[in-house]
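Step one of this worksheet: look at the structure below.
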Amino acid sequence: MKETADYCLLFPNGVSGAGQLVGPVSNGEKFMADDEKLKKIRHSMAHVMAEAVVQKYPGTKVAIGPAIDNGFYYDFDLPETVTLDDLEDITLRMKEIIKGNYPFQKRLVSREEAEKLFSDAGQEYKIELLKAIPEDEDVSLYSQDTFTDLCRGPHVENTKELNAESFKLLSIAGAYWRGKETNPMLTRIYGTAWSNPKELRLYLKKLEEIEKRDHRKLGKELDLYSTHEEAGPGLIYWHPNGSRIRLAIEDYWRKEHYKNGYELLYTPHIGRSWLWQTSGHLGFYNESMYSPMDVDDNDYYIKPMNCPFHIMIYKTDIRSYRELPLRWAELGTVYRYEKSGALHGLLRVRGFTQDDAHIICTPDQVEDEILEVLKFSLNMWKAFGFSDIKAYLSTRPEKCVGEPERWKQATASLQKAIEAEGLEFDIDEGGGAFYGPKIDLKIKDALGREWQMTTIQFDFNLPDRFDMTFVDSDGKEKRPYMVHRALLGSIERFFGVLIEHYGGAFPVWLSPVQAAVIPVAAAFNEYANEVSAALKEKGIRVSVDLGDNRMNAKIRNFQKKKVPYMLILGEKEQESEAVSLRLRTGKQTNMIPLQDFIKMVQEKINSKELI
RNA sequence: GCCAGAGUAGCUCAGGGGUAGAGCAACGCUCUCGUAAAGCGUAGGUCGUGGGUUCGACUCCCACCUCUGGCUCCA
């Protein structure tokens, strides 16, 4: 469970984004059966690495070294700094140890014995861990060769079960002892380990694939966006190509929102301190808000959130139960301070646009509304090419606001909606924010990585703080329910995920350039212009290359830009008003009548097909 | 913010205490070409910023900024 001293709604700028590189990759799938065995291998590998490190750096204090997804790590307090170059030597030492065919021997010992052992060895972290073991639990040691560790196990029987060619040390990182910021920082070495070299190769290949698809790399190669140190890190500049994609996303988003009964709002980017005082943000969320600016002797803050603004609009009128539910959405750009070390491409930024909405409704409308939002969300994900989705339901925490009755109803409506949609889900008991329960959706991308995107959150706090009311059918003023939701989350972050999901080869409807026109020689430039004009006329995004490069070079250039359709035009095409089509997949279809091609592209755009 | 690594031309990268190099891109000229790179030439960098050491710093040292991998955080 996360302990968050938090406030507020609409969350996720970051969440589970960065740092997942070596995370959920290739989870599940075919390795399930061997899961336990792999875990043993990885954990044992961690011990072997610890032995190697202690050998190489006498005086090293060891902390913890578990198996993780895809591998293992071990945290050390080292007498000197270790760099990437040292990993080679550590690897060689590990291979030696593995070849030594040492058994992993388990020994149950008394606490006193263990404490003496580790204190004699100066292993203070182990003593701390030892003290944390519950009284009624056995204390066990595992030894192989010269290394003994306080460990619950299990391990493989013998180092010969480890394969010296199926592991690789990957990286070095700092990590706080026991994950606490106030504790000393240890050196963590990460490795990956598998049961055979082939699996290792596959995994390393996957890492390569991840690197190739990195949105920061593709963002540069495809000229999509940039950031600028001089102008402020963590702020995104959308280039023409990126903007084309963003516009396509937003146009679709707006259309769908109107279709689903939403109204769209625009609200200011700054608000007077009164607003943030009332909402509670200044109190709870101050450290992530930017310093105020002075306007006529008043403090104004740039917005970290859109909700208070929407509430202001709500309060411009007396609201009747007849006009509920209100569904108000906005692509609202917010600014939040993120620590410098947390910034990461498009995934973790300091300014981002939420596809935010607030649903204000009566108690008996809640259930339908939630179901509608969930359906809406799933449709949206489908349109963007994501179909593997998992839900997380977070329920009431100890400390919270709002009547228990409302929590109960709200939580039930969330769960009901998830079940109605047949989504796989986990319950995070007590994991809700203090102001309400929520559903988060995680989507799986083409590489099997999970990203938390959608969130649907009840809010029992702001309606009170702003004293929101509606007049019910009995003539009495009542408090409405308020639900925050963001489907894509943040446009920036979503864009990053989208880039990686498609590896930059976007579906036609999103491609910045949908068709490239390439005359085989300058003599056909005129026809190329005609074709281009005909496509533009139909709203198709076209790029014509009339330069004096050879046709082959032009194809190569557009290929690198991952343009879905390339039209090769020469004499034959000109004569019969046709185009020869080359897909970015390499597939060719020659001599398609121009009008047929236009029709085909329009169909692909409408159906949101990949290509 | 913390630990470690990195910052050299628009991009990808090499180099190294004596004052900077390649490929691609750009620009110019020649070639006028049928499905992933035609040929030749030209131009382009106070080597992240600021200090220090040195006869001399892009190179060594210190500080700062940014980026990368993690840790922490992510309402």
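These numbers come from a predicted model, not from an experiment. Here is the naming used below: chain letters follow the sequence lines, and residue numbers restart at 1 for every chain.
- Relative ring orientation between A/Trp276 and A/His281 is described as perpendicular, the plane-to-plane angle rising above 60° on a 0-90° scale split at 30° and 60°.
- Side chain of A/Lys339, nearest nucleotide from B/G1, B/C71, B/U32: B/G1.
- Taking 3.5 Å as the limit, the base of B/C74 and the side chain of A/Arg348 contain a donor-acceptor pair of atoms between them.
- Closest to the A/Met185 side chain, of the nucleotides B/A4, B/U35, B/C71, is B/C71.
- Under 4.0 angstrom from either OP1 or OP2 of B/G5 there lies no side-chain N or O belonging to A/Thr83.
- Closest to the A/Ala173 side chain, of the nucleotides B/G69, B/A4, B/G1, is B/G69.
- OP1 or OP2 of B/U12 has at least one side-chain nitrogen or oxygen of A/Lys220 nearer than 4.0 Å.
- Using a cut-off of 4.0 Å between Lys/Arg side-chain N and Asp/Glu carboxylate O, A/Lys212 and A/Glu209 are scored as salt-bridged.
- Between A/His43 and A/His47, the angle of the ring planes goes over 60°, which puts this pair in the perpendicular group of the 30/60° scheme.
- One P atom belongs to B/G39, the other to B/C60, and the distance between them is 38 Å to the nearest Å.
- Of the listed nucleotides (B/A36, B/U32, B/G1), B/U32 has the atom at the smallest distance from the side chain of A/Ala522.
- In the interface, the side chain of A/Arg584 is not paired with the base of B/A36 through any donor and acceptor atom under 3.5 Å apart.
- Base pairing analysis places B/C55 opposite B/G18; the two distances defining the Watson-Crick or G-U wobble pair are each below 3.5 Å.
- Rounded to a whole angstrom, the distance from the C1' atom of B/G15 to that of B/C47 is 11 Å.
- Nearest to the side chain of A/Pro233, among B/C67, B/C73, B/C3, sits B/C67.
- Contact check, A/Tyr190 against B/C71: a side-chain N or O comes under 4.0 Å of OP1 or OP2.
- In a base pair of the Watson-Crick type (N1 to N3 plus N6-O4 or O6-N4) or a G-U wobble (N1-O2 and O6-N3), with each distance short of 3.5 Å, B/G23 is matched with B/C11.
- Between A/Arg550 and B/U35 there is no side-chain polar atom (N or O) within less than 4.0 angstrom of OP1 or OP2.
- Comparing the same atom, P, in B/C62 and in B/G23 gives a spacing of 36 Å after rounding to whole Å.
- Regarding A/Arg556, its CZ atom lies at a distance of 7 Å from the P atom of B/A37, rounded to whole Å.
- Across B/U72, B/G34, B/C67, the shortest atom-to-atom separation from the side chain of A/Leu343 is found for B/C67.
- Contact annotation: A/His344 side-chain N/O to B/G70 OP1/OP2 distance is not under 4.0 Å.
- Using bins of under 30°, 30° to 60° and over 60° for the plane-to-plane angle, the ring pair A/Tyr125/A/Trp177 lands in the perpendicular bin.
- In this structure, the CZ atom of A/Phe524 is 10 Å from the C1' atom of B/U32, given to the nearest Å.
- With both ends at atom C1', the span from B/G44 to B/A25 equals 12 Å, rounded to whole Å.
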Quiz item: Step by step, would you call A/Lys303 with A/Thr267 a side chain to side chain donor-acceptor pair (under 3.5 Å)?
Solution: CA-CA 10 Å; A/Lys303 68 175 167 185; A/Thr267 62; 3.0 Å; yes
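- The base of B/G70 does not come close enough to the side chain of A/Tyr176 for any donor and acceptor atom to sit less than 3.5 Å apart.
- On a pure distance criterion of 3.5 Å, a polar donor-acceptor pair joins the side chain of A/Glu573 and the base of B/G34.
- Here the separation of B/A20 from B/A9, taken at their P atoms, is 14 Å to the nearest Å.
- Of the nucleotides present, B/G70 is the one that pairs with B/C2 by Watson-Crick or G-U wobble criteria, both distances under 3.5 Å.
- B/A38: Watson-Crick or G-U partner is B/U30, with both key distances under 3.5 Å.
- As rounded to the nearest Å, B/A4 and B/C74 have P atoms that lie 25 Å from one another.
- Dashed line: the shortest gap from a side-chain N or O of A/Arg216 to OP1 or OP2 of B/U68 is under 4.0 Å.
- Comparing B/U30, B/G7, B/G69 against the side chain of A/Asp548 picks out B/U30 as the nearest.
- By the 6.0 Å contact criterion, CD on A/Glu88 is open, its count of non-hydrogen atoms from other residues, nucleotides or ligands being 12 or less.
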